[in-house]
Amino acid sequence: MKENQQWSSKLGFILAAAGSAIGLGAIWKFPYIAGVSGGGAFFFIFLLFTLLLGLPLLLAEFLIGRSTQKDAIESYKSIAPSSKWHSIGYLGMITCFILLSFYSVIGGWIILYLVKTIRGDLDGLSQQEYGELFGATISDPVLSIGAHLIFMIITIVVVAMGVQKGIERTSKFMMPALFILFLVLIFRSVTLSGAMEGVQFLFYPDFSKLTSETILAALGQSFFTLSVGVSVMVTYSSYLPKDSNLSQSAISIVGMNIMIVVLAGLAIFPAVFSFGLEPNAGPVLLFNVLPTVFNQMTFGMVFFVAFLLLFLFASLTSAFSMLEIIVSVLSKGDTKARTKWSWIIGLIIFAVGVPSALSFGIWSEVSIFNKTIFDAADYLVSNILMPVGALLISIFVPMKMKKSHLYDELTKGNALSKRLFNVWYFLMKYVAPIAIFLVLLDVLGVWKRF
Ligand code: PHE
C-alpha cells in the first residue's frame, strides 16, 4: 500500500524538523564538548559556523528535498541523473546508522534516570553521591544495554507507524514545555553562589584555548545540532507541500537551536562552577550536575522528572529522523515494507550500539585510536562523516542546481529579496566548501608541514 507522504500542516513540518534538530546535540553534547574545549571561544566559533555554514546548508537540504519530493537517494538522482552524486544520500544513511547506534545509548541513560528519579533513588543525595550513582548506573551492562534497547524499540515503533503521525501530535506542546522548564532551571542555576564564573566560562572567549581540534569540534557540533550533512532534512522536506516558506522555517529552526544551546549552557555551567566541579567531565557532565541543581529546588525531584521526560522526548524526535531516512529509502513508500525495515534496521543498530554502551563500564579500557569505543564512534560521525557530507552538499547544490531554479524554488512560499538570496548563494558556493575543506585540512596537520 502506498502511504500518504505529506505533513498535515506547515507547523507539522517545522515541529518535526526542529524535533530532529533539537535533541541530545544541543542539550547534552554542547555543554560537554564546550566544557572539554575551553568554553567561550568554542561557543563563539560554534555560533559562527552555525550561522554562516549550518543555516545555508539547512536551507540547501530543504531545497533539494522539496524541489524533488523524493527520498535521500532518489532526490540526488533526479537532479543529477547517471552520476555518482546520490552517494551523498548513502553517506548520510551510513552516518545516521552509526550515529543512532550510540545516540540511543545516551537516550537509554535518560530512561534509566527517569525510572530512578520516580522511584525516589535520587532524593536528597550529595553532589558526590550523585556522581557515584550515575557512574554505577551506566557501567552496569544489563541496565545500560536494557535501556538502550528500550530507546531503540520506541524509535522503531514510531518510525514503523510513519513519523508524520507520531511526531506531529506530540511535538506541539512538548517543545514549549521544554523551554519553560529550562527557564526555571536556569533561574536556580544562576542564583547559586559563585555562578557567575560559569556564565563567564560560557560566554567569555579566550581564543588562546582554540586548537585545530576544537575548531573541528565546533564545526562538527554545529552540523550535529542542526542535523545537516546527512540528508535527514532532505527527507523531511520532501514531505512538504510546495507552497511552504523554506527560509523562514530554516531561520526559526536555527534560532530555536541556538536558544536551546544557550539555555542548556546557562543551566549547567553556573552550577558546575558553583559546586567546584570541573567543566571537562565529558559525556557524564549533564547527568552529574543537574540532579544537584534540581535537588536544591522546592519539589526539585518533580521538576527533574518533568525535565527528563521532555529531554527524552527531544532525543526521541531526533532519533526518529535518523531511522526515518534509512527506512524511507528502503521501503520506497510501501507501508508494509516500512514496518519490516524499521524493525530490521532498528535492531541491527541496537546491536551495533552495544559496544558503545559497554564502553562506559566493562569495556572502558578498550580503545580505538586512543579513544573509547563510544568516543571513537562519535568522533567518526561528528568530526569526519558529517563535515564530509556537508562539504559534498555544498559542492553539489551550486554545481548541479541552476541558480535561477534555486531562486524560484526558494521564493515559492515567500518573497525573499534577491539580495538575501545572493548572500545565501555566495555562502553556499564559496564560503561553505572552502571553510569546511580548510578546517578538515587543518586537522590533518597539512598547514604545519609547510
Ligand atoms: N540534531 C540532532 C541532535 O542534536 C542529532 C541529529 C544529527 C539528528 C543528524 C539527525 C541527523 O540531537
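Keep in mind that this is a model prediction, so the values were computed, not measured. Note that ligands are numbered from 1 as they come in the structure, with each ligand's atoms numbered from 1 the same way.
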Practice item. Kindly write out the residues that satisfy salt bridge (charged side-chain N to carboxylate O under 4.0 Å, His left out) with D378, not counting sequence neighbours, or none if the list is empty. Key: K29
Point to revise | Sequence neighbours excluded, every pair satisfying side-chain hydrogen bond (donor to acceptor under 3.5 Å, both in side chains) that has a member inside residues 389-401 | key: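 Residue pairs with at least one partner in residues 389-401: there are none.
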Do the rings of [X] and [Y] sit parallel, tilted or perpendicular, given the 30° and 60° boundaries?
{"X": "Y430", "Y": "F426", "answer": "tilted"}
{"X": "F374", "Y": "W109", "answer": "parallel"}
{"X": "Y90", "Y": "H86", "answer": "perpendicular"}

Validation: residues 223-231 side-chain donor-acceptor distances under 3.5 Å, sequence neighbours left out:
from	atom 1	to	atom 2	distance (Å)
T225	OG1	Q221	O	3.0
T225	OG1	S222	O	3.3
S227	OG	S20	O	3.1
S227	OG	S20	OG	3.0
S231	OG	Y76	OH	2.9

Which atom pairs, nitrogen or oxygen on both sides, join ligand 1 and the protein at under 3.5 angstrom?
from	atom 1	to	atom 2	distance (Å)
ligand 1	1 (N)	S20	O	3.1
ligand 1	1 (N)	A21	O	2.9
ligand 1	1 (N)	F224	O	2.7
ligand 1	1 (N)	T225	O	3.3
ligand 1	1 (N)	S227	OG	2.9
ligand 1	4 (O)	A21	O	2.9
ligand 1	4 (O)	G25	N	3.1
ligand 1	12 (O)	L24	N	3.1
ligand 1	12 (O)	G25	N	3.0
ligand 1	12 (O)	Y103	OH	2.4

